[in-house]
Amino acid sequence: MKITIVCGEQEFYSAGAERIAAAIRTNPEAKIGLSTGRTTKGVHAALVKLCEEREIDCSRITVFGIDEITNMPRSCPASCYDLLLNQVVRPLRISEDRFLMPDPEAEDPLKECQEFERRVMENGGPDFIFLGLGENGHLGFNQPGTPFGRTAWLSWMDDSLDERLRRENGIPADVKMGGLTLGIKNLMQCPHLVLAANGSNKADSAAGMIEGPVTEALPASVLQLHPDCEVILDADAAQNLSRGITG
Ligand code: GLP
């Protein structure tokens, strides 16, 4: 696991964007997995700017989201589909047939998990996945306790995320949201992973992920076992590392 600590908000987002741009430069036909959330919103904005400035052609890449909130329409602003469509796909002029997402309202969510996984994993699977970190150490929607051998499945949402999404998006209490997600096994099969985390709310899970035991109680700790994984932290997220902040 390579650890990069970046000081400064824009520098942090730019560092993330540089990694995605490098994956596109390495393979202009790359299949790239992306994550949604507060962290990656800034990374995606920096990526769009960077691709414009350097005239990076994104027309032949395929992108997919690693997870999606189920039981509400794609038009909801909280949906990962809508976020990635507006933050990445449209600004980078990627055609929508190169944008893979599960249907959040599929009648049979388990079948939808299998179909989504099949499309993501076919033709050699993803070349690169950019991950965020849950406050409780989740990866995608793989919550603490998820077996590392999991493939795509319908998980649940932790209470704090569930509460925040409802508050920010006015999602009524009777809508039961779920988390359709690639499994940890799928994520670990990708040859190149980058995870970014910022803010002191991520400090405990970041320290556990990097320095703690590899345990299903902290899903992101599995990344210690990946042969090519870089973790980018800002100073706040890095504050609990025993090795100190050196970046
Ligand atoms: C969400 C998403 C993850 C994301 C994580 C971090 O639950 N399912 O894919 O990486 O939380 O989000 P944020 O950056 O908003 O903290």
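Everything numeric here is computed off the predicted structure, so don't read it as measured data. Counting starts at 1 for both ligands and their atoms, following the listed order.
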Atoms of ligand 1 close to Gly132 [distance to a heavy atom under 4.0 angstrom, numbered from 1]: 10 (O)
Path from Ile32 to Tyr13 over hydrophobic side-chain contacts below 4.5 Å: yes
Thr39: numbered ligand 1 atoms lying under 4.0 Å from its heavy atoms: 13 (P), 14 (O)
Closest to atom 9 (O) of ligand 1 among Asn142, Leu195, Asp67 (heavy-atom distance): Asp67
Proximity flag Thr36 to ligand 1, non-hydrogen atoms under 4.0 Å: yes
Arg38 N/O to ligand 1 N/O under 3.5 Å: yes
Proximity of Leu133 to ligand 1 by residue part, where a heavy atom lies under 4.0 Å: backbone
Salt-bridge criterion met for Lys49 and Glu53 (N-O under 4.0 Å): yes
Whether Lys202 lies under 4.0 Å from ligand 1, heavy atom: yes
Nearest candidate to atom 3 (C) of ligand 1, where distance is taken over non-hydrogen atoms, out of Gly140, Gly37, Gly33, Ser35: Gly140
Close approach, His138 and ligand 1, non-hydrogen under 4.0 angstrom: yes
Contact check, Arg164 vs ligand 1, heavy-atom distance below 4.0 Å: yes
Any donor-acceptor N/O pair, Lys31 side chain to Ile61 backbone, under 3.5 Å: no
side-chain hydrogen bond (donor to acceptor under 3.5 Å, both in side chains) evaluation trace for Trp156 with Asp162: CA-CA 9 Å; Trp156 66 94; Asp162 188 276; over 6 Å; no
Pair Ser242-Glu211, side-chain hydrogen bond (donor to acceptor under 3.5 Å, both in side chains): steps then yes or no: CA-CA 8 Å; Ser242 64; Glu211 297 181 339; 3.1 Å; yes
Test of proximity, Gly134 against ligand 1: N or O pairs below 3.5 Å: no
Salt bridge flag under 4.0 Å for residues Glu230 and Arg19: yes
Side-chain (His138) to main-chain (Leu218) donor-acceptor, under 3.5 angstrom: no
Heavy atoms from other residues, nucleotides or ligands near CD of Glu107 exceed 12 (cutoff 6.0 Å): no
